[in-house]
Novice: 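There's a structure below that I have some questions on.
Because only heavy atoms are used, hydrogens play no part in the values below, and waters and symmetry mates are left out as well, while side chains stay in. Counting starts at 1 for both ligands and their atoms, following the listed order.
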Amino acid sequence: MGKIAYEQASFKDFEHMPGLNMYETAQEFWNYVDDWESRGHWNYRQECVSGCKPVVDVIAKGKLYKDCVALVFNDYWGLTQHPKVKAAAIAAIEQYGVGAAASPAIGGHMTYHRLLEERIAKFFYRDSAMLYTTGYTANSATMQALLKMDAFAIVDMGVHASMHEGLLTTNKKTFPHNDMEALERILQQTQGKYINRMVIIDGVYSQQADIAPLDQIVKLCKQYGAYLAMDDAHGIGVIGETGRGVLELYNLYQEVDIITGVFSKTFGHLGGYVIASPELIRYLQFQSRQHIFSVTATPASACILKSIDLIDEEPFWKDRLWENINYLKKGLDTMGFDTGNTQSAIIPVMTGSPNLNAEICRLLLEAGVYANQIGYPAVPRKNARIRMSVMATHTREDMDNVLSAWEWIESKMKIAKKYGYQTQID
Ligand SMILES: Cc1ncc(COP(=O)(O)O)c(C=O)c1O
């Protein structure tokens with residue numbers, strides 16, 4: 001590959017390089033990273049010195065950037081730093097030690113796991129839940145265990161990569177994001193041909209930042225006899241009167257066959273959960289390979305019990321979160337940026353160009369704002385955007401600093417909607 005090609009390339013181009021062995025492929029990738037670094041555009045894996053906080057010190061390109069407003073964390077309520085949640089983790093470590101050291105079927109199922117399974121099921125007014133050690137595995141392993149070669153998955157294009165991984169050994173068709181006519185067409189075309197058909201959606205979409213029309217999807221699934229799975233990783237603590245996400249928004253707690261979610265966002269810790277009928281949960285407990293052959297979550301995860309309590313005990317965090325979301329979005333919209341169709345705590349600024357993204361991220365950091373660049377393959381190239389996650393613990397001053405940074409960038413780069421997407425950097 002020549003220099004120009006590296007500039008235009010994305011991670012995807014290095015996934016499989018036919019004819020190259022693993023060292024040659026890795027060398028090509030190495031050269032690509034070097035090329036982006038040489039322009040100050042490699043904005044990944046920057047070292048955060050402070051932990052997950054609204055304002056952080058971060059080391060980027062060998063330089064320490066102090067007191068940057070962090071818009072990279074999905075810790076929407078700031079619970080990773082909540083004194084009661086931290087105290088609960090410390091108490092659990094004192095009680096149980098620091099590890100579980102066995103998989104759940106053969107010794108690793110501890111009291112705090114049972115309590116957590118019961119609490120998260122109850123949180124959604126359901127009977128049965130089980131834990132996975134990551135949210136990623138909750139999705140991929142569940143789909144892999146339930147949908148075999150004779151099944152058919154009907155998948156919104158916006159769902160998280162973990163769902164797609166679980167569908168590698170079944171049949172699947174994707175439909176354009178939130179396009180109900182396309183979904184219905186696939187349901188019609190596949191009717192009667194598969195014993196298991198599962199529609200797979202997110203509640204809040206992690207890149208589009210919008211919400212699934214769950215009422216319409218439930219109706220279509222019932223009409224055409226398909227099952228429904230929904231991952232609402234980004235909806236909890238953000239959507240619904242009491243923060244129970246998209247299920248609460250539509251009051252459809254009982255209508256989704258498989259509910260998945262994560263403890264790594266609003267709940268402030270790590271791990272994933274699956275909520276389903278007692279029969280399906282028992283089946284997954286012993287048929288899902290990633291569950292039976294992998295160690296259970298560490299005792300610190302007992303702190304999630306406190307996080308779940310706080311969703312009801314301290315609802316003011318959701319109000320503060322929405323004050324920040326609305327303030328930031330309004331400021332960006334007023335300056336003329338394209339913030340897409342966001343309905344959640346994720347605010348994108350559309351740029352339409354991976355290279356422009358990289359330059360904006362570099363400038364944002366210079367201005368004391370730490371945000372993420374999102375490009376292909378997470379979104380199509382033309383939908384590249386800067387992605388900002390807002391936290392309840394950001395102050396008004398933090399939000400004003402972010403808006404000033406964007407104002408400064410706009411004065412240099414002219415990327416507001418009225419100019420169309422600028423591509424001169426490509
Ligand atoms: C929608 C969605 N589902 C699942 C995951 C995976 O969760 P975890 O990072 O907890 O493994 C993510 C992570 O970003 C996500 O955005």
Novice: Dump the pairs for me: ligand 1 N or O, protein N or O, distance under 3.5 Å, to 0.1 Å.
Specialist:
from, atom 1, to, atom 2, distance (Å)
ligand 1, 3 (N), Asp231, OD2, 2.6
ligand 1, 10 (O), Gly135, N, 3.4
ligand 1, 10 (O), Ser264, OG, 2.6
ligand 1, 11 (O), Gly135, N, 3.1
ligand 1, 11 (O), Tyr136, N, 2.9
ligand 1, 14 (O), Lys265, NZ, 2.9
ligand 1, 16 (O), His234, NE2, 2.7

Novice: Cationic tip of Arg396 within the cone over Tyr327's six-membered ring, i.e. under 6.0 Å and within 45° of the normal?
Specialist: yes
Novice: So does Arg114 pair up with Glu118, basic N to acidic O under 4.0 Å?
Specialist: yes
Novice: Would the number of heavy atoms belonging to other residues, nucleotides or ligands and lying under 6.0 Å from CH2 of Trp30 be above 12?
Specialist: no
Novice: Can a salt bridge be assigned to the pair Asp215 and Lys219 using a cut-off of 4.0 Å between side-chain N and carboxylate O?
Specialist: no
Novice: Taking the six-membered ring of Trp36 as reference, does the NZ or CZ atom of Arg39 fall below 6.0 Å from its centre and within a 45° cone about the axis?
Specialist: yes
Novice: Hey, mind stepping through Lys222 and Glu255 against salt bridge (charged side-chain N to carboxylate O under 4.0 Å, His left out) and telling me if it holds?
Specialist: CA-CA 9 Å; Lys222 282 191 191 310; Glu255 310 302 326; 2.8 Å; yes
